[in-house]
Amino acid sequence: MSSVKVVTNILKVNDELTQENKKLMNEKGLYVINLMSSPGSGKTSILEKVIAKLKDEVKIAVIEGDLYTTKDAERIEAQGVQVVQINTEGGCHLDGQMIRNALSHLNLDETNLLVIENVGNLICPASFKLGEDLIITVLSTTEGNDKPLKYPRMFEKSEFVILNKVDLVPYTNFNKDEFHKDIREINPRAKVIETSCVTGQGIDELCSWLKEKISISNPV
Amino acid sequence: MHEAAIVESALELILAKAEEHQLTKIRRITAKVGELSGALPDAMQFVFQNASQGTIAEGSDFIIEQVEATASCGSCDITFPILYYHPVCPSCGGLDNQVLTGYELYIDTMEGD
Ligand SMILES: [Zn+2]
């Protein structure tokens, strides 16, 4: 019988792959966003709106993570930007290997901003780094304001937190004051923005935040 | 689901280490899993028992040690347990604290022949 001191992070393989991906992303001067949410939060709708506003100024590519379908990727493709679909076949998050495959299908010389739309799931994606510069988590008002406290990890890691479907607040029991208070407790540094893809609220503000972020990382 | 991915990675790591140390049978594995890691020990255990079948880790004791979540407050110079994910300092009520433990997710030791 022999005893081995291992002391190795279980997600090491992912971290190593991600570091390699990050190197490539840096070489190509990409600004990378990891966009996370629960299913049905409306993050694809937000992304559509953002792309429509920014695509003339910024060269955008999207990696679309989905459990089984290509629906979201088709919506993004209709915006006229590069998109690669990753079907995780039931897998609950994107990882370094999937991103590596996806990157090989994109023309990175023609890209400034890479948005990785993660699988809709508030738990697992938070554990897998993808080489992002910015983490954005989307929550919608129809999901209830208890979600940040139930799944704090994702909110804790996010620099931007988007509260979507604010137009529906009158029809839900969503408590915005509690939501803002909880986010401040979990992550005092997070910028919180309220959006609605129906009324367009918050989309301009979100786009200017993003432009500011991209220009800081890639000064012209 | 999440535990499945984690245990798969863990098993890959364990089998690679076993090969490196020329083990042909793994008897015991210890893992450290923090309360904030998002992985549930029971679910990991269940996945491990299934995923390890047919490997040299089949039938081994997979021991998961949960690590308590703690944080420290810079203003008060104290360390305190994080309850329900809230790193709120019990002394001053401050929120901007340093998380010390709780995110662990690693294989600590293994034994075999
Ligand atoms: Zn304090």
- Within residues 100-108 of chain B, contacts to chain A at heavy-atom distances under 4.5 Å involve B:Tyr103, B:Leu105, B:Tyr106, B:Ile107, B:Asp108
- Query: Taking non-hydrogen atoms and a cut-off under 4.5 angstrom, which of residues 48-64 of chain B neighbour chain A?
  - Reply: none
Are the side chain of [X] and the backbone of [Y] linked by a donor-acceptor contact shorter than 3.5 Å?
X        : Y        : result
A:Thr8   : A:Val6   : yes
A:Asn187 : A:Ser158 : yes
A:Gln82  : A:Asn107 : yes

- A:Glu117, A:Glu143, A:Lys147, A:Lys43 screened by side-chain hydrogen bond (donor to acceptor under 3.5 Å, both in side chains) with A:Ser37, the one that passes: A:Lys43
- Query: Strictly by modelled atom types, are B:Thr109 and B:Thr30 linked by a side-chain donor-acceptor pair under 3.5 Å?
  - Reply: yes
Tell me if the [atom1] atom of [X] is crowded by more than 12 foreign heavy atoms within 6.0 Å.
X        : atom1 : answer
B:Gln98  : CD    : no
A:Lys129 : NZ    : no
B:Gln22  : CD    : no

- Task: Inspect the contact between A:Arg100 and A:Asp95 and indicate whether a charged nitrogen and a carboxylate oxygen are less than 4.0 angstrom apart.
- Result: no
- Task: Under 4.5 Å heavy-atom distance to chain A, tell me which part of B:Glu12 shows up: side chain, backbone, both or neither.
- Result: side chain
- Task: For A:Glu64, check salt bridge (charged side-chain N to carboxylate O under 4.0 Å, His left out) against everything at least two apart and list the hits.
- Result: none
- Message: Run the salt bridge (charged side-chain N to carboxylate O under 4.0 Å, His left out) test against B:Arg28 and tell me which residues pass, sequence neighbours left out.
- Response: B:Glu111
- Message: Heavy-atom cut-off 4.5 Å, strictly under: side chain, backbone, both or neither for A:Arg184 against chain B?
- Response: backbone
- Item | Structural part of A:Tyr151 lying under 4.5 Å from a heavy atom of chain B | neither
- Greatest number of non-hydrogen atom pairs under 4.5 angstrom with chain B, of A:Arg153, A:Lys150, A:Lys5, falls to A:Arg153
- Which one of A:Pro188, A:Pro125, A:Ser2 has the most heavy-atom pairs closer than 4.5 Å to chain B? A:Ser2
- Just do the side chain to side chain contact (heavy atoms under 4.5 Å, CB included) check on A:Thr44 and A:Ile76 with the steps written out, would you? CA-CA 8 Å; A:Thr44 309; A:Ile76 299 300; 4.0 Å; yes
